[in-house]
Amino acid sequence: MSLSDIKVAIVEDNGMARINLRNHLMEMGFSEIGCFSNGRELKAHARLRRIDLLLMDYHLGQNKNGVEVVQELQEQGLLKSSTSIIFITSDRLPMIVGQIVDVHPDALVIKPYTIRSIEKNISACLNFHHYLMPVFKLMDEDEFAHALDKLNYMLERNSRPRMRSQMVKLQARLLIKVKRFKEAASVYNDVLRSSDKIIWAKWGLIQSLYLDGQIKQSEDMLLALTGTQLTSDKAREWLARICIDANQYAQAEDHINAIREGEMSVSAARLKAYIYQAQERNDEAIQLLEKKRESNRGIRERYDELSLDLARCYLQEAEGKKANEREKTLQVAKFLIGSAGRKNLDQKLIIKKDFLYAAAAVMAGNIEKASELLNREGMDDMTDSDVLQMTDAISAWKGIGNDEKASEILALCKMRLSQLDDGNETTVANMQVVKREESIGERRPEAMKLNKTGLEHYIKHDYQKATQDFYQAYLLFPREVAFSLNLLQSLVEAEQGSYKTINTRQFLSELSRRQMAPNNQKRLEDIAKKVEKSPEIFS
């Protein structure tokens with residue numbers, strides 16, 4: 001392909017730097033060059049035209065940073081695998097460099113750069129993509145298994161040694177995509193045998209081991225990475241997510257608390273807020289998000305997203321109140337929804353807000369208003385919707401009695417969830433999806449049935465069978481305090497220090513961090529006394 005045919009996009013908030021870079025590219029022979037100062041402008045352009053080469057600055061002034069923009073565009077399918085991505089930044093902080101590496105750019109250029117440096121990086125990226133275009137085209141069509149076969153064929157016949165490391169890196173990523181986790185781990189191990197300093201291979205190995213079910217080994221590797229500045233925060237976030245998957249929210253909170261508040265990313269703050277919510281500590285979730293929202297007031301897109309996150313917190317708080325006690329909480333939620341993008345007429349944001357307004361109307365008992373909102377133009381199109389927006393839609397449709405529509409969106413939601421790459425976002429979204437699934441599925445009735453059977457066995461002092469039933473009820477509905485307490489009490493009465501994934505003492509510690517009604521709190525304290533009397537059993 002001639003350079004004049006390659007469609008280039010430059011995203012740089014500094015006008016002079018943008019013009020200079022464009023001039024350099026034109027001197028190289030590029031002619032189709034789009035220039036943008038932020039992610040919103042790029043997104044509008046990407047919806048209309050393909051991008052072959054993206055030059056992305058990290059810091060974009062009072063807008064989302066370049067990594068966040070790339071992640072969003074990739075999730076929405078607006079940036080394809082065949083697009084060459086080069087990041088440009090003046091920032092050498094390990095945390096920033098780590099974020100950039102996470103989105104797998106083809107190159108990273110540090111400012112100030114020379115014309116020769118930028119030309120060399122662009123040429124190398126374009127040559128690599130041209131050479132592997134048959135593979136990237138298959139990836140663009142989500143044909144990952146065929147893409148892997150093609151890549152393996154090319155690797156065997158590769159006559160370009162300089163490209164081999166990038167091809168191997170892509171091979172490992174494709175192995176994960178097609179769920180061949182052991183083979184991916186083997187590839188990463190081979191890379192690390194040549195040099196144990198290659199950080200992308202370490203992260204890849206951890207991911208492969210975790211997805212292959214080797215949780216303990218991946219946790220040990222992550223704990224080792226908490227000792228260095230470059231990897232500590234990301235490792236802590238990952239450990240927190242592993243704990244959440246095991247419903248160990250207190251341990252997840254401890255890992256997140258190890259990250260300095262001033263260095264905590266927005267996605268980590270959102271993760272922490274949802275950890276609070278899972279422990280019924282909604283007030284702390286609200287305080288955290290309010291603080292993060294205020295510190296991002298100058299970055300409008302983040303401010304808007306955090307406003308909607310806060311609104312969801314207030315809606316959850318209203319959900320837990322009696323119908324006649326919800327008014328003030330719902331007023332705050334509606335104010336927050338309205339404050340997001342107050343002067344932004346973007347139709348996508350308007351639809352996102354309308355789903356939340358509809359959910360608020362349902363909780364206020366105004367089904368007519370909710371129905372009117374849900375039947376507005378564009379509300380039926382989930383093509384570009386993120387997972388959190390879909391969970392809002394599920395709540396709203398369920399609220400007006402359309403279970404079929406809610407179930408349809410839930411199925412789409414799960415499919416979209418499987419396509420997310422960002423770990424924190426995936427975990428937060430999954431927690432919300434599970435909550436909506438509980439509200440429209442068969443989880444609660446099935447869990448209640450198992451809990452009832454467990455109580456029957458417990459009364460007969462058959463603690464082994466009772467524990468089996470309570471454990472299954474807990475797995476189906478881990479947020480239900482009664483199921484958790486029943487399981488804990490059965491374990492203690494049976495004098496079992498552990499059962500399957502549950503360590504009795506750790507489970508007690510986990511439940512002690514949750515907010516409970518006074519009667520449940522008293523019951524937990526009584527169980528704790530029994531545990532303390534038998535330290536040799538409950539170690």
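Values reported hereafter were calculated over all heavy atoms of this structure, with side chains retained and with hydrogens, waters and symmetry mates removed.
Residues Asn158 and Tyr131 are in side-chain contact: their nearest non-hydrogen atoms beyond the backbone lie under 4.5 Å apart. Residues Gln389 and Lys348 fail the side-chain proximity criterion, which asks for heavy atoms closer than 4.5 Å. Contact of the Asn65 side chain with the Ile299 side chain is not registered, since no non-hydrogen atoms from C-beta on lie closer than 4.5 Å. Between Asn14 and Asp57, the closest side-chain pair of non-hydrogen atoms is not below 4.5 Å. Residues Met415 and Cys413 form no side-chain contact, since every pair of their non-hydrogen atoms from C-beta on lies 4.5 Å or further apart. Within the 4.5 Å cutoff, side-chain heavy atoms of Tyr276 are placed close to those of Lys272. Between Ile215 and Tyr210 there is a side-chain heavy-atom pair separated by less than 4.5 Å. Proximity of Glu425 to Val387: side-chain heavy atoms (C-beta onward) are nowhere separated by under 4.5 Å.
The closest donor-acceptor contact from the side chain of Ser123 to the backbone of Lys120 lies at 3.5 Å or more, if one exists at all. Not a single donor-acceptor pair under 3.5 Å links the side chain of Ser186 to the backbone N or O of Lys182. At distances below 3.5 Å, not a single donor-acceptor pair connects side-chain atoms of Thr504 with backbone N or O atoms of Phe538. With Lys292 contributing its side chain and Met264 its backbone, the two residues share a donor-acceptor pair below 3.5 Å. In this structure a side-chain-to-backbone donor-acceptor pair under 3.5 Å is present from Arg157 to Tyr153. Of the possible donor and acceptor atoms, one in the side chain of Glu510 sits under 3.5 Å from a partner among the backbone N and O of Ala250. Using modelled atom types, one side-chain atom of Thr83 and one backbone atom of Ile51 make a donor-acceptor pair closer than 3.5 Å. Put simply, the side chain of Asn121 gets close to the backbone of Ser117: a donor and an acceptor are under 3.5 Å apart. Put simply, the side chain of Asn296 never gets that close to the backbone of Arg302: no donor and acceptor are under 3.5 Å apart. Here the side chain of Asp386 pairs a donor or acceptor atom with the backbone of Leu388 at under 3.5 angstrom.
Between Thr501 and Gln248, the shortest heavy-atom contact is O-NE2, 4.4 Å. Across all their heavy atoms, Gly66 and Leu60 have their closest contact at N-CD1, 4.0 Å. Across all their heavy atoms, Ala278 and Arg514 have their closest contact at O-NE, 4.1 Å. Here the closest heavy-atom approach between residue Ala9 and residue Leu42 is recorded as CB-CD1, 3.9 Å. Looking at every heavy atom in both residues, Arg241 comes nearest to Gly423 through CD-O, 3.1 Å. In terms of heavy-atom proximity, Thr426 sits nearest to Leu417 at O-CD1, 3.8 Å.
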Apply side-chain contact (heavy atoms from CB on, under 4.5 Å) to residues Glu446 and Phe477 and explain how you reach the verdict. CA-CA 9 Å; Glu446 181 63 22; Phe477 224 94; over 6 Å; no

Under the side-chain contact (heavy atoms from CB on, under 4.5 Å) rule, what do Phe87 and Ile96 come out as? Steps first, then yes or no, please. CA-CA 11 Å; Phe87 261 88; Ile96 303 299; over 6 Å; no

I would like to know whether Gln279 and Glu253 meet side-chain hydrogen bond (donor to acceptor under 3.5 Å, both in side chains); could you show each step before the answer? CA-CA 10 Å; Gln279 298 176 88; Glu253 184 184 344; 3.2 Å; yes

Residue pair Arg312, Asp309: steps toward the salt bridge (charged side-chain N to carboxylate O under 4.0 Å, His left out) verdict: CA-CA 5 Å; Arg312 290 184 184 101; Asp309 278 327; 3.2 Å; yes

Run the numbers on Tyr474 and Phe507 for ring pair (Phe, Tyr, Trp, His ring centres under 6.0 Å), then give the verdict. CA-CA 12 Å; Tyr474 163 77; Phe507 194 40; 5.3 Å; yes

Before you tell me yes or no, could you show the steps for Glu408 and Leu412 under side-chain contact (heavy atoms from CB on, under 4.5 Å), namely the whole-Å CA-CA distance, both residues' side-chain angles and the distance that decides it to 0.1 Å? CA-CA 7 Å; Glu408 177 190 319; Leu412 181 61; over 6 Å; no

Run the numbers on Val191 and Trp200 for side-chain contact (heavy atoms from CB on, under 4.5 Å), then give the verdict. CA-CA 10 Å; Val191 173; Trp200 61 260; 4.0 Å; yes

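Considering CG of Leu511 and OH of Tyr249, their distance stands at 11.5 Å, rounded to 0.5 Å. Going from atom CG of Leu308 over to atom NZ of Lys352 covers 6.5 Å, rounded to the nearest 0.5 Å. Rounding to the nearest 0.5 Å gives a distance of 9.5 Å between CG of Leu138 and CG of Asp149. The structure places CE of Met221 at 12.5 Å from OG1 of Thr226, a figure rounded to the nearest 0.5 Å. In this structure, the separation between CZ on Phe144 and CG on Leu174 is 7.5 Å, given to the nearest 0.5 Å. We find the CD-CG distance between Gln166 and Leu170 to be 9.5 Å, quoted to the nearest 0.5 Å.
The pair Glu143-Lys150 does not meet the salt-bridge criterion, since no charged nitrogen lies less than 4.0 angstrom from a carboxylate oxygen. One finds a salt bridge joining Asp190 and Arg193 here, because a Lys/Arg side-chain nitrogen approaches an Asp/Glu carboxylate oxygen to under 4.0 Å. Salt bridge Lys465/Asp469: absent, no basic N to carboxylate O contact under 4.0 Å.
Around the CZ atom of Arg260, the shell of radius 6.0 Å holds no more than 12 heavy atoms that belong to other residues, nucleotides or ligands. By the neighbour-count criterion of 12 heavy atoms within 6.0 Å, atom NZ of Lys137 is sparsely surrounded, having that number or fewer from other residues, nucleotides or ligands. Around NZ of Lys202, the count of heavy atoms belonging to other residues, nucleotides or ligands within 6.0 Å exceeds 12. Residue-environment remark: CZ (Arg164) stays at or below the threshold of 12 foreign heavy atoms within 6.0 Å.
Leu55 pairs in a side-chain contact (heavy atoms from CB on, under 4.5 Å) with only one of the listed residues (Val109, Ile10, Ile33), which is Ile10. The salt bridge (Lys or Arg N to Asp or Glu O under 4.0 Å) test with Glu32 singles out one residue from Arg22, Arg50, Arg49, and that residue is Arg49.
Considering only residues two or more places apart in sequence or on other chains, Gln496 meets the side chain to side chain donor-acceptor pair (under 3.5 Å) condition with none of them.
Taking the centre and axis of the six-membered ring of Tyr274, the NZ or CZ atom of Arg270 falls outside the cone set by 45° and 6.0 Å.
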What side-chain donor-acceptor pairs closer than 3.5 Å can you find for residues 98-107, not counting sequence neighbours?
| unit_1 | atom_1 | unit_2 | atom_2 | d |
| --- | --- | --- | --- | --- |
| Gln99 | OE1 | Tyr58 | OH | 3.0 |
| Asp102 | OD1 | Lys234 | NZ | 2.5 |
| Asp102 | OD2 | Lys234 | NZ | 3.3 |
| Asp106 | OD1 | His129 | NE2 | 2.9 |
| Asp106 | OD2 | Ile85 | N | 2.8 |
| Asp106 | OD2 | His129 | NE2 | 3.2 |

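In this pair, Trp238 and Trp203 present their aromatic rings parallel. The plane angle is below 30°, not in the 30 to 60° band.
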